[in-house]
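Side-chain atoms are counted along with the backbone in the values below, which use heavy atoms only and exclude waters and symmetry mates. Atoms within a ligand are numbered from 1 in the order they appear, just like the ligands themselves.
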Amino acid sequence: MTNRSEALFEEANQYLVGGVNSAVRAFRAVGGTPVFMRRGQGAWIEDVDGRQYVDYVLSYGPLAIGHAHPAVVDAIAQTAANGTSFGAPTELETELARKVQAIMPGMERLRMVNSGTEACMSAVRLARGYTGRDRVLKFRGNYHGHVDALLVEAGSGVLTLGIPGSPGVPAAVTETTLTAPYNDIDSVRQLVAEYGDSLAAILVEPVSGNMNCVPALPEFLQGLRDVCDDTGALLVFDEVMSGFRASLGGAQAWYGIHPDLTCLGKVIGGGLPTAALGGRAEIMDWLAPTGPVYQAGTLSGNPLAMASGLTTLTELARPGVHAEAEAWTARLLEGLRDRAARAGVALRTHQAGTMFGLFFTDRDSVVGFEDVAACDGDRFVRFFHGMLEAGVYLAPSAFEAGFVSTAHDEAALRHTLDAAEQVFADL
Ligand SMILES: *Cc1c(COP(=O)(O)O)cnc(C)c1O
């Protein structure tokens, strides 16, 4: 068996930091060499040695209708033939915004940006500008991109004022960031009792996808909504990952709880770089040029990304399409639990639409970061490498969620479950 990935990775390391352009792609958490990919079609990807994998990473979420969907490829090609960027408005931007609004009615007004990080960064600035307050509250284990003020982990396991989670983030920047444990509304109420008057926003992943996949408890989200209504802080749902996945209309439709602002990313671009901030028009209109809060972007609303996103959402929103992918996801998880049980492997699964989480744990509930961190990490590493060898591509970390697309079919299911049966037996 050749391994061109090793040679390519060695070469990449001479030019790119750590050989990758996003830290999560390095196999640091699982060991070994990242696999270089050369092609994707539907649910499958092919590496540089010609090995095929059923893909549950899907570029970390964006590819909701699978790799190289013909309609998406066509839309990008046709758009590109007419020029790739103008720095002037195009009709496609309005069309994508209209489509998003039809699916998520809470997005009364949108601003397209280029990444989820940017959407969250701008959400914080807008919330601060609109409320005239500085503090933001986020949750342990929630990720909102590499925004300075949001790169905060609580660290010591106690409620605390922000401690920078990365060198290079000044304490002065994170002093206004409060953190609380996920799914723990009492902690939120305590913090709000003390800091409510200066609280601009509560940011939350309503389905957390950056500590494996942990859906919020409905009463937790409702509690956040109530706290925000009481204090005048804005409730910001970071649906960069859960948008168009937890349900077609995102987590907000799934729970029936409505934020003031929503961050979207990943699926909204269908595999090209775009993201969006949106929400109540009265708040959104505080952004420049209608309002005083500055925000701009050279490639924001890029035509290729708009075409890719619009086509992806149009396909995904066709009647029954998303529901079918959700049902497929449920069958996948049922099949995995069944095979794990037969092999005597303690496995818990979570599903939120077409997102899923696998936990090697015998705890009977996983609701917070501590529960996730307590899972059997060695077992995950062996499972990950076993599945990789058997042609199933999972994210190289026990803290990532899994994703399913509308292209995942019977053959992909059978392949995955056969692989899992073998790998569980070896655990
Ligand atoms: C991926 C992600 C981000 C960051 O998006 P990028 O496009 O990687 O900058 C922010 N929030 C959540 C919930 C995410 O999953």
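- Using a 3.5 Å distance cut-off with no hydrogens or angles, the side chains of T176 and D134 do not pair a donor with an acceptor.
- When ring centroids are compared, H350 and F359 come within the 6.0 Å threshold.
- Residues meeting the salt bridge (Lys or Arg N to Asp or Glu O under 4.0 Å) test with D226, sequence neighbours left out: none.
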Side-chain polar contacts of residues 100-108 - donor-acceptor pairs under 3.5 angstrom, sequence neighbours left out - could you list them?
from: Q101; atom 1: NE2; to: M107; atom 2: O; distance (Å): 3.2
from: Q101; atom 1: NE2; to: E108; atom 2: O; distance (Å): 3.1
from: E108; atom 1: OE1; to: A281; atom 2: N; distance (Å): 2.8

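- For a heavy-atom separation below 4.0 Å, the residues in contact with ligand 1 are S115, G116, T117, Y143, H144, G145, E205, N210, D238, V240, M241, K266.
- Residue pairs that meet the side-chain hydrogen bond (donor to acceptor under 3.5 Å, both in side chains) test with at least one member in residues 232-253, sequence neighbours left out, are H144-D238, E239-S242, E239-Q252, R245-T354, Q252-T262.
- The one candidate from F369, Y143, F220 that meets the ring-ring contact (aromatic ring centres under 6.0 Å, His included) condition with Y182 is F220.
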